[in-house]
Amino acid sequence: MPELPEVETTRRGLHPHLIGRVISDAKIYSGFERLCLNTDVKELTDRLIGQRIEGTDRYGKYLIFWLSSGDSLIVHLRMTGALVLRNISSLGGKYERARLTLESSPNCPFEIVSFDDVRRFGTWNVVNHVRDGLARDIGPDALASDFTADSLISVLRQKTCTIKSALLDQSTLAGLGNIYVDEICFLAGIDPRKRSNTISRKKSEQLFTAIRDTLNKALDQGGSSFSDYVNAHGMPGGALDHCNVYGRAGMECYRCGQTIKKIKIVGRGTHYCPKCQHR
DNA sequence: CATCATGTTACACG
DNA sequence: GCGTGTAACATGAT
């Protein structure tokens, strides 16, 4: 479930505790080697151990850790992954798949970064160039300054698929997932089945504003608390308590009172208000 | 027991 | 090439 706000919330929680720390050990537990995208686990751990973490970053739903060697560790949480800070003495959770151990620091109570992942879809990758660790055709980050209303308009014009599908596609823009796409379409007043290339300039501008507003608001609330999501301190977020349509099928629209509907688009559960959102 | 679920990729088909 | 549907990945919740 982690979408851009959850990934960014994780990054912000980790950042102050990781900066300048040296990785003394890295482990991927037996049976979970698949999370490692490097050619083998030993190569990945060898490239992590002994490195200082110089910075953190995020691109779409990818977390990026800059290492003193010049390499970067790139983590994708996929459906149920979480990076959680722990004390050296605390026991790993039931779903811990990997961990980093950090050299102890007088100012920081955490020596462990656990990678917990119930469904085991998450990935780790150590690469020399960040681009090599991202999907090849990834679009601009949804909150970055190079993503503008104009760039959204031009990319939406080129697609004939539904707007729901276009916004979920990480090559259109990076960071949105199923929950926030439904919320964004509601805010912009657009039926999620509407064809991307039939959206007017004015509506696209509203869509752009809705994307920024939805993501920033979710960030203010510490990400959504759907399913297993927890931040770097193991705490859930609260953004789902404020959804207009997601998870509200059969309930009244807060704006107009109509019953929120749930349909399937490109195989994904899609929630919308038939009165507030137009084709 | 059957169905559904946040993300992503691969593949078949029209 | 494009869009869509489906399966797959692994697991828990209902």
Side-chain angles (χ1 to χ4, degrees), chain A residues 1-10 28-37 58-63 74-83 93-98 115-125 132-139 141-142 155-185 192-199 214-215 218 221-231 236-243 245-250 262-271:
Chain A
M1 55 72 46
E3 304 180 31
L4 186 152
E6 292 74 37
V7 178
E8 178 62 14
T9 299
T10 296
I28 289 178
Y29 293 119
S30 166
F32 307 117
E33 294 83 357
R34 276 200 40 183
L35 76 86
C36 171
L37 296 185
R58 179 194 56 73
Y59 193 105
K61 302 173 192 171
Y62 293 92
L63 276 165
I74 303 199
V75 175
H76 200 301
L77 305 175
R78 292 288 185 107
M79 305 272 267
T80 54
L83 286 171
K94 183 177 171 190
Y95 300 111
E96 183 173 347
R97 311 305 188 193
F115 183 65
D116 297 345
D117 188 6
V118 174
R119 286 176 68 176
R120 302 159 58 176
F121 293 155
T123 57
W124 284 26
N125 198 0
D132 297 338
L134 311 181
R136 198 162 305 127
D137 56 351
I138 198 160
D141 180 83
V155 68
L156 290 184
R157 255 203 311 249
Q158 293 166 353
K159 291 176 183 268
T160 60
C161 62
T162 60
I163 186 63
K164 166 94 182 193
S165 173
L167 294 176
L168 276 177
D169 185 346
Q170 303 297 295
S171 72
T172 306
L173 75 166
L176 303 185
N178 203 41
I179 297 173
Y180 293 119
V181 166
D182 283 3
E183 292 301 307
I184 287 161
C185 286
R193 294 165 296 187
K194 188 170 171 63
R195 297 281 148 186
S196 175
N197 61 349
T198 67
I199 294 175
T214 300
L215 296 178
Q221 293 162 173
S224 97
S225 56
F226 194 90
S227 181
D228 309 282
Y229 174 74
V230 289
N231 65 21
L240 263 204
D241 304 338
H242 307 276
C243 280
V245 288
Y246 186 84
R248 297 197 67 244
K262 181 175 180 183
I263 57 175
K264 254 200 195 320
I265 301 180
V266 285
R268 316 301 299 277
T270 300
H271 314 70

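Chain A is the first sequence line, chain B the second, and so forth, proteins listed ahead of strands; every chain is numbered from 1.
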What is the distance from atom CD1 of A/I179 to atom CG of A/L176, rounded to the nearest 0.5 Å? 11.5 Å

Using OP1 and OP2 only, check whether a side-chain N or O of A/K61 sits under 4.0 Å from B/dG7. yes

Partner of A/H76 under ring-ring contact (aromatic ring centres under 6.0 Å, His included), picked from A/Y62, A/Y59, A/W124, is A/Y62

What I'd like to find out is whether the side chain of A/P2 reaches to under 4.5 Å of the side chain of A/T10, using heavy atoms alone. no

Could you go step by step and tell me if A/L173 and A/L167 meet the side chain to side chain contact (heavy atoms under 4.5 Å, CB included) rule? CA-CA 7 Å; A/L173 75 166; A/L167 294 176; 4.2 Å; yes

Position toward the 5' end of DNA chain C (nearest nucleotide), A/G267 or A/K159: A/K159

Could you state the atom-to-atom distance from CG of A/L35 to P of B/dT8 in whole Å? 16 Å

Nucleotide C/dA10, atom C1' - distance to CD of A/E96 in whole Å: 18 Å

So, does A/K262 get its side chain near the phosphate of B/dA5, meaning an N or O under 4.0 Å from OP1 or OP2? yes

Non-hydrogen side-chain atoms of A/E96 and A/D116 separated by less than 4.5 Å: yes

The single option from A/N125, A/T123, A/L63 that satisfies side-chain contact (heavy atoms from CB on, under 4.5 Å) with A/V75 is A/L63

Base, sugar-phosphate alone, or nothing: which one does A/R268 contact when heavy atoms must sit under 4.0 Å apart? base

Determine, step by step, whether A/D182 and A/K164 satisfy the salt bridge (charged side-chain N to carboxylate O under 4.0 Å, His left out) criterion, reporting the C-alpha distance in whole Å, the side-chain angles of both residues, the deciding distance to 0.1 Å, and the verdict. CA-CA 8 Å; A/D182 283 3; A/K164 166 94 182 193; 2.6 Å; yes

B/dA5 P sits how many Å from A/I265 CD1, rounded? 13 Å

Please give, in whole Å, the distance from B/dG7 P to A/L134 CG? 17 Å

Gap between atoms CZ and P, on A/R34 and B/dG7 respectively (whole Å): 18 Å

Write down the distance between CD1 (A/I263) and P (B/dC4), rounded to a whole number of angstrom. 15 Å

Side chain proximity check, A/T162 to A/R195, heavy atoms < 4.5 angstrom: yes

Spacing of A/Y180 atom OH relative to B/dG7 atom C1', expressed in whole Å: 15 Å

Looking only at atom P, what distance separates C/dT6 and B/dT3, rounded to whole Å? 14 Å

Answer yes or no: does a side-chain N or O of A/Q170 lie under 4.0 Å from OP1 or OP2 of B/dG7? no

Can you tabulate the close N/O pairs, meaning under 3.5 Å, that link protein atoms to atoms of nucleotides 11-14 of chain C?
unit_1, atom_1, unit_2, atom_2, d
C/dT11, OP1, A/R120, NH1, 2.1
C/dG12, OP1, A/Y95, OH, 2.8

Whole Å only: how far is the NE2 atom of A/H76 from the P atom of B/dT8? 4 Å

Heavy atoms only, 4.0 Å cut-off, all strands: where does A/G177 land among base, sugar-phosphate and nothing? sugar-phosphate

Which one is paired to C/dA10, where only Watson-Crick or G-U wobble pairs with both distances under 3.5 angstrom count? none

Closer than 4.0 Å, any side-chain N/O of A/K264 to the OP1 or OP2 of B/dA5? yes

If you measure from the ring centre of A/F121 to the centre of the six-membered ring in the base of C/dC9, is it under 5.5 Å, with the planes under 30° apart? yes

Tell me, please, which residues at least two apart from A/D141 pass side chain to side chain donor-acceptor pair (under 3.5 Å). A/R58

Below the 4.0 Å mark, does C/dC2 have OP1 or OP2 next to a side-chain nitrogen or oxygen of A/T160? no

Walk along nucleotides 9-14 of chain B from 5' to 3' and tag each nucleotide B, S or - by protein heavy-atom contact under 4.0 Å, base first, then sugar-phosphate. S-----

